[in-house]
Amino acid sequence: MGNQNASQTYDTEKIAMTKRAKIHAVIVNHNTSAYVELALRSLHKRHADDLDLAITIVDNASTDDTSSLLAYADDRGIPVRQSGFTTDTASNSHGEVLRQFVLDHPDCDDYLFLDADICFLEDDTIHAMLAELTTAEDAFAVGVRQTWDGQDEIPADIHQAIYYNRLHPCCALVRNTPLFRQVTDEIGFTGVKYCWVDGEKYLDTFELMTRVMKTHGLRHLISPKMVYHFFSVSYDDRWMESKNQRRDALLASLR
């Protein structure tokens, strides 16, 4: 189980020591171009340029308006790659896209997984995550706390399902180790249905991987840092009008 101490703080010297780590971030676009632009603009707004961070956008043949996102990516030197999937796959392709990214990019110190529909709210979030991961030998990764209104953390009664049972990939920093890459290759990150004798249980994206890493004595941490997570914008139409309005207001403030 992750570290649940929300009041934990970070030593500034530890943060300074980790600012030059080589991190490769991946974010998947699935007809969520405006959300991806917001995620990237907020990331750059909240982090100093000294963070050694490469970013790749992987696109699932998106059919929405990608012009603003592509312009921003070009300005920032962020490559956009096609995943080989479309937005019409029978099942969610997110886990498989992330798995292939890891296998295709072996030469970083850490991976940073980002969901399309997040917005960074706090300065140096990645620096703080890296500092915590660097000093926890029994941790393979660190995730963040999440808010869906931009202010308060999501309700406590869903913490277990959202990010204690698994490393939630909305904003997750993972050590690049031989073990992690082997689990990635053999297990992957896709959600699975586990068929027990007396019933079925669905393990969400990254959850089976998290359980396998636990069998090696490795846990994931939960950082006190928090990000705004809109949740499910690529496949759930509920509340989309209000979500898009909040997205557009945040984008306007960053452009």
Side-chain angles (χ1 to χ4, degrees), residues 25-47 55 57-73 76 78 80 83 85-89 91-95 97-98 112-123 125-126 143-164 166-172 189 191 202 204-207 222-223 225-255:
V26 58
I27 187 166
V28 182
N29 186 29
H30 190 86
N31 277 347
T32 50
S33 298
Y35 284 97
V36 174
E37 183 186 349
L38 173 61
L40 296 177
R41 285 184 181 273
S42 65
L43 186 155
H44 289 127
K45 174 71 172 179
R46 292 293 185 174
H47 295 85
I55 304 172
I57 300 169
V58 183
D59 185 73
N60 286 339
S62 294
T63 57
D64 62 342
D65 182 2
T66 61
S67 57
S68 293
L69 171 61
L70 293 178
Y72 184 75
R76 283 282 181 169
I78 300 172
V80 180
S83 68
F85 294 106
T86 71
T87 58
D88 297 319
T89 54
S91 299
N92 192 327
S93 63
H94 192 205
V97 173
L98 298 182
L112 178 64
F113 299 97
L114 301 173
D115 274 2
D117 55 344
I118 66 165
C119 179
F120 286 91
L121 301 174
E122 301 181 69
D123 291 342
T125 293
I126 299 171
V144 293
R145 299 178 185 275
Q146 301 171 39
T147 173
W148 56 36
D149 64 7
Q151 295 181 340
D152 300 317
E153 187 176 4
I154 60 175
D157 60 351
I158 62 172
H159 288 180
Q160 201 72 32
I162 297 295
Y163 45 70
Y164 286 135
R166 60 167 173 153
L167 174 69
H168 195 296
C170 83
C171 180
F189 309 131
Y202 179 71
D204 212 338
T205 310
F206 270 60
E207 192 165 350
I222 307 297
S223 173
K225 292 290 189 178
M226 189 162 63
V227 302
Y228 192 162
H229 189 190
F230 289 87
F231 283 93
S232 308
V233 300
S234 62
Y235 59 86
D236 189 342
D237 290 334
R238 292 176 297 173
W239 308 293
M240 281 308 298
E241 183 176 355
S242 62
K243 288 181 182 181
N244 289 345
Q245 288 174 352
R246 284 178 280 154
R247 175 204 66 194
D248 291 344
L250 288 166
L251 255 180
S253 71
L254 293 171
R255 281 176 171 166

Listed partners of Ser234 passing side chain to side chain donor-acceptor pair (under 3.5 Å), at least two apart: none

[Y] backbone acceptor or donor facing [X] side chain under 3.5 Å:
X: Lys45; Y: Leu40; value: no
X: Gln146; Y: Glu153; value: no
X: His94; Y: Val28; value: no
X: Asp115; Y: Cys171; value: no

Test of understanding: with side-chain contact (heavy atoms from CB on, under 4.5 Å), list the residues that count as partners of [X], not counting sequence neighbours.
X: Asp248; value: none
X: Ser67; value: Asp65
X: Asp149; value: Thr147, Gln151, Asp152
X: Ser62; value: Asn29, Asn31, Asp59, Asp64, Thr66

Would you please name every residue forming a salt bridge (Lys or Arg N to Asp or Glu O under 4.0 Å) with [X], sequence neighbours left out?
X: Arg41; result: Glu37
X: Arg46; result: Asp123
X: Asp204; result: Arg166

Identified side-chain hydrogen bond (donor to acceptor under 3.5 Å, both in side chains) partner of His30 from the options Thr86, Thr87, Asn60: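 With His30 as partner, side-chain hydrogen bond (donor to acceptor under 3.5 Å, both in side chains) holds for just one option, Asn60.
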
Closest approach of [X] and [Y], non-hydrogen atoms and distance?
X: His159; Y: Ile154; result: NE2-O, 2.8 Å
X: Phe120; Y: Ala39; result: CD1-O, 4.0 Å
X: Cys170; Y: Ile118; result: O-CD1, 3.4 Å
X: Ser232; Y: Asp117; result: N-OD2, 3.2 Å
X: Ser83; Y: Val97; result: CB-CG2, 4.0 Å

Quick check: do [X] and [Y] have side-chain heavy atoms less than 4.5 Å from each other?
X: Met226; Y: Glu122; value: yes
X: Leu43; Y: Ile126; value: yes
X: Arg246; Y: Cys119; value: no

List in chain and number order the residues that pass ring-ring contact (aromatic ring centres under 6.0 Å, His included) with [X], two or more places apart in sequence or in another chain; answer none if no residue qualifies.
X: Phe189; result: Phe113, Phe180, Phe206
X: Phe230; result: Tyr35, Tyr228
X: His168; result: His229
X: Tyr72; result: His44

Stepwise side-chain contact (heavy atoms from CB on, under 4.5 Å) test for Ile57 and Leu69: CA-CA 10 Å; Ile57 300 169; Leu69 171 61; 4.0 Å; yes

Steps toward side-chain contact (heavy atoms from CB on, under 4.5 Å) verdict (Val26, Leu98): CA-CA 8 Å; Val26 58; Leu98 298 182; 3.8 Å; yes

Ser42 vs Leu250, side-chain contact (heavy atoms from CB on, under 4.5 Å): CA-CA, chis, key distance, verdict: CA-CA 9 Å; Ser42 65; Leu250 288 166; over 6 Å; no

Derivation and outcome, side-chain contact (heavy atoms from CB on, under 4.5 Å), residues Val58 and Ile27: CA-CA 6 Å; Val58 183; Ile27 187 166; over 6 Å; no

Gap between atom CZ of Phe231 and atom CH2 of Trp239 - 0.5 Å precision: 11.5 Å

